[in-house]
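Sequence positions, counted from 1, serve as the residue numbers for this chain.
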Amino acid sequence: EVLTIMGINSAFEQLVADAADDLGVEPGDFNYDDTLAELRETEKLTFDTEVITYVEGYVISNDQAGNFFEEMIMQNAPADPVGGIKVLIDVNPLFITYEVGRKVYVRLDGLTAGYDSGVSTLGIIDVNDLGKIGESQMPDYVIRDAVVETMVAKPLLFSEFTDANTNLLVKLADAQFNRNEVLGDDRKTYAGEPEDQFDGERILESCEEGGSVIFSTSTFADFKSFLLPQGRGSMVGILTKDFLSLLPKMEQESNQMQSQPTLCRSGCGFYGNPGTEGMCSICFKEALKKKQAPPMSSSSAGRTSPSVL
């Protein structure tokens, strides 16, 4: 029997909903969503050891550069994915056997589904936590298919960062790092700063929507000391809970404006966007605030402006 990733996620969500119901918390209650979030971190769904069942998917994580460690993330399809899941495996590296695009089958009987670091995960139950599949167990649980597909990242806006899109390979079409992190003498690296512990967290801004998210890079990644790129461009990575574990890649768009970006017309030194009147997102917000501010009266202007004799 073969299950889909969406089937596993749906079964787990039903378990969580039933647990909330047992607590007397129902949809519509003011604390319902908070209760579900708490239950996702504690509830576990262990699959029947008497029934041989598999889930199939395509690998999207690559631990070659060290940005992932002892985990394999897979999604349901090479393109237009709708479900993803993380598999904990006590093996490093994994990319030699399970490269990006490789179709795999994960045997479920004896495994447990739950949440790890806020995302849907498969592992072996260890007391009350999810543990990793051991190296000696891996051949029995993770079966490698001969099929290797080209993975197509799902286009995503910052506003579409939801639980449903976690564990998926996504593409941000027009993004840039915060100017305070890439301009001047203190230009930051991905994760090589003295204050970075475990992960380097940087601010990534949407040139299209004006919002921002956290861009996370492991301090074990071999590109951790590379300087952050200063230009605008598209980025491909895996969406995780509360931050992005993005691949070390900044792809410029093919159009001329993207290959030859224009500086912000306010003169701040960062890059502008036609959609924000030629300004960067920060300067555009400041300009909007000035436009929306009430005009000063002539009397108050007289009191605050010095006289020139």
Side-chain angles (χ1 to χ4, degrees), residues 1-12 15 43-79 81-154 165-170 218 220-221 237-241 245 247:
E1 183 181 358
V2 178
L3 294 180
T4 64
I5 292 175
M6 296 77 71
I8 293 175
N9 291 341
S10 295
F12 180 76
L15 177 70
E43 291 296 310
K44 302 290 184 292
L45 174 64
T46 299
F47 294 91
D48 192 342
T49 56
E50 302 298 322
V51 181
I52 298 177
T53 311
Y54 294 87
V55 59
E56 63 179 6
Y58 297 84
V59 178
I60 58 173
S61 57
N62 184 347
D63 60 2
Q64 182 175 8
N67 207 26
F68 296 91
F69 183 69
E70 296 186 349
E71 62 185 22
M72 180 180 71
I73 303 175
M74 61 183 196
Q75 62 186 36
N76 71 297
V82 293
I85 199 163
K86 178 169 68 176
V87 185
L88 302 178
I89 306 173
D90 192 17
V91 175
N92 184 61
L94 289 165
F95 77 93
I96 298 173
T97 307
Y98 306 108
E99 70 272 42
V100 172
R102 174 70 64 178
K103 186 176 184 179
V104 296
Y105 293 87
V106 178
R107 184 169 173 168
L108 294 173
D109 43 304
L111 291 187
T112 298
Y115 266 49
D116 179 71
S117 299
V119 297
S120 179
T121 304
L122 285 171
I124 291 180
I125 196 70
D126 181 10
V127 189
N128 294 321
D129 297 322
L130 285 177
K132 299 173 183 178
I133 298 170
E135 184 173 5
S136 62
Q137 301 169 299
M138 187 175 70
D140 296 326
Y141 279 107
V142 187
I143 291 85
R144 183 173 179 264
D145 196 285
V147 174
V148 179
E149 296 283 1
T150 299
M151 306 304 290
V152 180
K154 180 179 181 178
N165 284 320
T166 56
N167 287 333
L168 298 183
L169 187 68
V170 302
S218 170
F220 295 98
I238 296 173
L239 186 66
T240 62
K241 186 69 174 182
S245 292
L247 303 178

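At distances below 3.5 Å, at least one donor-acceptor pair connects side-chain atoms of Asn167 with backbone N or O atoms of Ser120. Remark: side-chain polar atoms of Asn62 are not paired, donor with acceptor, to backbone N or O of Val100 under 3.5 angstrom.
Closest of all the heavy-atom pairs between Pro78 and Tyr58 is CD-CE1, 3.7 Å. Residues Ile85 and Ile8 share a closest heavy-atom pair of CD1-CG2, 4.0 Å. Taking each heavy atom of Ser61 and Ile73 in turn, the nearest pair found is OG-N, 2.9 Å. The minimum heavy-atom distance linking Val87 with Ile133 is given by the pair CG1-CD1, 3.9 Å. Here the closest non-hydrogen pair linking Ile89 and Leu94 is CG2-CD2, 4.2 Å. The two residues Gly66 and Ser218 come nearest to each other via the heavy atoms O-OG, 3.7 Å.
Every residue two or more places apart in sequence or in another chain that forms a side chain to side chain contact (heavy atoms under 4.5 Å, CB included) with Glu1 is listed here: Leu3, Val51, Thr53. Contacts of Ala153 classified as side chain to side chain contact (heavy atoms under 4.5 Å, CB included), with partners at least two apart in sequence or in another chain: Leu169, Lys171, Val236. Residues passing the side chain to side chain donor-acceptor pair (under 3.5 Å) test with Asn76, sequence neighbours excluded: none. Applying the side chain to side chain donor-acceptor pair (under 3.5 Å) criterion to Asp116, with sequence neighbours excluded, gives Lys86. Qualifying salt bridge (Lys or Arg N to Asp or Glu O under 4.0 Å) partners for Asp109, counting only residues two or more places apart in sequence or in other chains: Arg107. Listed by chain and residue number, Glu56 satisfy the salt bridge (Lys or Arg N to Asp or Glu O under 4.0 Å) test with Lys103 (two or more places apart in sequence, or in another chain). Under the side chain to side chain donor-acceptor pair (under 3.5 Å) criterion, Thr121 pairs with no residue at all, not counting sequence neighbours. Taking Thr46 as the reference, Thr112 meet the side chain to side chain donor-acceptor pair (under 3.5 Å) condition, with sequence neighbours excluded.
Contacts classified as salt bridge (charged side-chain N to carboxylate O under 4.0 Å, His left out) and involving residues 87-102 (residues at least two apart or in different chains) are given here: Glu99-Arg102. Listed by first and then second residue, the side-chain hydrogen bond (donor to acceptor under 3.5 Å, both in side chains) pairs that reach into residues 125-144 are Glu70-Lys132, sequence neighbours excluded. Sorted by first then second residue, the ring-ring contact (aromatic ring centres under 6.0 Å, His included) pairs that include residues 86-112, not counting sequence neighbours, number zero.
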task = Check the pair Gln75 / Met151 against side chain to side chain contact (heavy atoms under 4.5 Å, CB included), numbers first and verdict last.
result = CA-CA 10 Å; Gln75 62 186 36; Met151 306 304 290; 3.5 Å; yes
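The distance from the NZ atom of Lys154 to the CG atom of Asn165 is 4.0 Å, given to the nearest 0.5 Å. Taken from CG in Leu122 to CZ in Phe47, the straight-line distance is 6.0 Å, to the nearest 0.5 Å. Annotation: the span from Ile238 atom CD1 to Phe68 atom CZ amounts to 3.5 Å, rounded to 0.5 Å. With values rounded to the nearest 0.5 angstrom, Asn92 atom CG is found 10.5 Å from Glu71 atom CD.
You'll find the side chain of Met74 reaches within 4.5 Å of the side chain of Val106, heavy atoms only. Annotation: side chain of Leu111 is in contact with side chain of Ile124 (closest heavy-atom distance under 4.5 Å).
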